[in-house]
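See below for the structure under consideration.
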Amino acid sequence: MPELPEVETVCRGLAEALIGRKLVRVIANRPNLRFPLPNDLGQRLIGNSISAVKRRAKFILIEMRTSDVLIAHLGMSGRFRIYQNTPPPENTHDHVIFETESGSVIRYNDPRRFGFFDLTSRDDLAENRFLSDLGPEPLENTFTPDVFIKHIKSRKTSLKAALLDQHIVAGLGNIYACEALFMARLSPRRKTHTVGPKRATALVDAIKTVLANAIAQGGSSLRDHRKTNGELGYFQHTLQVYGQENKACPRCGIGYQITRINQSGRSTFFCPHCQR
DNA sequence: ATATATCCCTGCGCGC
DNA sequence: TGCGCGCAGGGATATA
C-alpha cells in the first residue's frame, strides 16, 4: 500500500520521466476515480511542460511551467507505470494515460479507484482542500518532539490513531505507524496525553528512521508492483511487526508473540511485552 | 471541538 | 472447483 516512502519513490520515477518534457496526450478513460476527474485536464496539460515533481505527505504534485499543478493521490491501489518504448495493451484499470513529446507513456492504474486527481495552481496550492490542513512533513526539521507533543497533549486518543491522523503528522499509514511504534517501544494503545519529551523524542526519531530506511529501499509497495508474479518485495523482510501476527517478537524472542488488535477499524500489530 | 463510524472499490485468500 | 465472505486501508463525510 502506498504510504510516504512509496509515494516518494513514485515521485522520483515520475520526475525522471517528466521534468522538462512536454505532454502531447492526456486521456481519461473514465470520468471519475474517488472523485470526478478535472474536466479540463487535457486542456490545461496538453502542450504544457513539467517543471517539477514534488511530494507533500502522500500527495504527488506535478508542477507545470504555466503554474498549473496536478495533484495526484494513489489511494490504496494506485500505481503509475512508465513505458519508454512500446507499451503493452492497456489494462482495464488503466484510468488515465499521459504521453510526452519524447515518447514516454505514463499510465495511472488503480483497480480500487480510491486514488484521485485535482488540478490547481501554484498560487492556490496552500489553500487546496486536500493540502491545507496537513500536519508537518515527518522527514523535515519542522517535525520535532516539541511540535509533536503540542499537537497530541490535549487529545484523548491512542498513539496509533494519532500517527494516522494526517493533521498531526502527514504521510504515515498503517504499516509505518505500526513499525515506528515498535521501534520506539511504545504501545499503540497508549493515550497521547501520557507522552512526555522522552517518549516523544523516541517516537519522532523512530518515525524518521523507519521512513528514511523505507525510502532508501525504494519503498515496499513499488517493489511489489514491479513483480507481476505477486512475489513480495524486499521491504517485506524488513517489517518487524506489520503482518507478523503470532510470530515471535524480533526483540523479545521466542515466547513473546506479535499481537494483532483492531483500532478504529484498522489492524494494529505490536508486541505487548516490549511496547509500553 | 474531537472521536468514531461509514463509505467508496476490487482482488485475494480462506473455509466450506 | 467454485462460491461467498471478510479483509486490506487511503481519506472524505456523516454522526455522536
Side-chain angles (χ1 to χ4, degrees), chain A residues 1-11 29-37 55-61 71-80 90-96 108-118 120 127-135 138 150-181 188-194 211 214 219-222 224-225 227-233 235-236 239 241-246 260-270:
Chain A
M1 310 301 163
E3 298 183 29
L4 187 151
E6 290 74 41
V7 176
E8 177 64 28
T9 308
V10 169
C11 281
N29 285 333
R30 53 175 302 122
N32 64 295
L33 295 171
R34 174 83 165 84
F35 305 111
L37 286 160
R55 180 190 57 74
R56 173 73 173 107
K58 300 172 199 168
F59 294 86
I60 298 165
L61 311 177
I71 301 174
H73 195 290
L74 302 175
M76 290 291 298
S77 58
R79 307 130 162 70
F80 277 103
E90 282 183 24
N91 180 286
T92 35
H93 302 302
D94 288 337
H95 303 308
V96 188
Y108 178 76
N109 178 284
D110 189 355
R112 292 169 72 179
R113 306 205 299 271
F114 279 20
F116 52 88
F117 286 83
D118 193 19
T120 185
E127 285 77 41
N128 180 269
R129 67 167 176 137
F130 298 114
L131 307 177
S132 60
D133 294 328
L134 289 174
K150 200 156 72 180
H151 275 91
I152 63 170
K153 69 178 175 188
S154 59
R155 298 290 195 102
K156 287 178 174 51
T157 188
S158 66
L159 265 183
K160 171 73 182 317
L163 293 189
L164 292 181
D165 187 335
Q166 303 294 300
H167 304 100
I168 296 173
V169 56
L172 287 176
N174 206 32
I175 296 172
Y176 297 108
C178 289
E179 294 297 312
L181 285 165
R189 290 192 277 219
R190 174 179 284 277
K191 296 296 177 188
T192 55
H193 62 84
T194 68
L211 293 178
S220 49
S221 300
L222 195 77
D224 294 352
H225 299 164
K227 299 188 176 186
T228 50
N229 60 6
E231 196 182 322
L232 290 170
F235 198 78
Q236 166 76 5
L239 295 175
V241 289
Y242 188 82
Q244 310 298 311
E245 188 182 12
N246 295 333
R260 171 194 186 135
I261 59 170
N262 193 292
Q263 288 182 293
S264 47
R266 283 216 166 136
S267 286
T268 297
F269 299 88
F270 75 115

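Residue numbers start from 1 in every chain, and the chains themselves are labelled A, B, ... in the order their sequence lines are given, proteins ahead of strands.
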- Item | Under the salt bridge (Lys or Arg N to Asp or Glu O under 4.0 Å) test, residues paired with A:E90 that sit two or more places apart | none
- Message: Strictly under 4.0 angstrom, non-hydrogen atoms only: write out the protein contact profile of nucleotides 4-11 of chain B, one letter per nucleotide from the 5' end, B, S or -.
- Response: S---BBBS
- Spacing between A:H151 atom NE2 and B:dT2 atom C1', to the nearest angstrom: 14 Å
- Query: Roughly how many Å is it from CG in A:L164 to P in C:dG10, rounded to a whole number?
  - Reply: 7 Å
- Report the distance from atom CD of A:E6 to atom P of C:dG10, rounded to the nearest whole Å. 10 Å
- Query: Of all residues at least two apart in sequence or in a different chain, which pass the ring-ring contact (aromatic ring centres under 6.0 Å, His included) check with A:F270?
  - Reply: none
- Message: Tell me every residue that passes salt bridge (Lys or Arg N to Asp or Glu O under 4.0 Å) with A:R56, counting only those two or more places apart in sequence or in another chain.
- Response: A:E137
- Message: Going by the rule salt bridge (Lys or Arg N to Asp or Glu O under 4.0 Å), which residues pair with A:D94 if we only count those two or more places apart in sequence or in a different chain?
- Response: A:R107
- Task: List in chain and number order the residues that pass salt bridge (Lys or Arg N to Asp or Glu O under 4.0 Å) with A:R155, two or more places apart in sequence or in another chain; answer none if no residue qualifies.
- Result: A:D165
- Taken to the nearest whole Å, CG/A:L131 to P/C:dG10 is 17 Å
- Message: Please tell me if A:Q166 has a side-chain N or O lying less than 4.0 Å from either OP1 or OP2 of C:dG11.
- Response: yes
- Item | C:dC7 versus B:dA5 - spacing of their P atoms, nearest Å | 15 Å
- Message: Using whole Å, what does the distance between atom C1' of nucleotide C:dT13 and atom CZ of A:F130 come to?
- Response: 12 Å
- List in chain and number order the residues that pass side chain to side chain contact (heavy atoms under 4.5 Å, CB included) with A:T120, two or more places apart in sequence or in another chain; answer none if no residue qualifies. A:V69, A:I71, A:D124, A:L125, A:N128
- Item | Within-4.5 Å side-chain heavy-atom neighbours: A:D118 and A:F130 | yes
- In whole angstrom, give me the gap between the P atoms of B:dC9 and C:dC3. 23 Å
- Query: Can you check the A:L172 CG to C:dG11 P distance for me, whole Å?
  - Reply: 10 Å
- Who passes side chain to side chain contact (heavy atoms under 4.5 Å, CB included) against A:K191, sequence neighbours left out? A:H193, A:T194
- Looking at every strand, decide which applies to A:S267 at a 4.0 Å heavy-atom threshold: base, sugar-phosphate, or nothing. sugar-phosphate
- Item | Proximity to the side chain of A:R129 - top-ranked nucleotide from B:dT2, C:dT13, C:dG10 | C:dT13
- Message: I need the CD1-P distance between A:I168 and B:dA3, as an integer number of Å.
- Response: 8 Å
- Note on the structure: Closest heavy-atom pair, A:L4 versus A:P138, reported as atoms and distance to 0.1 Å, is CD1-CG, 3.6 Å
- Message: Just to be sure I understand: a Watson-Crick pair is purine N1 to pyrimidine N3 plus N6-O4 or O6-N4, both under 3.5 Å. Using that and G-U wobbles, which stems of three or more pairs involve DNA chain C?
- Response: B:2-8 with C:10-16, B:10-16 with C:2-8
- Message: How many whole angstroms separate atom CZ of A:F117 from atom C1' of C:dG10?
- Response: 15 Å
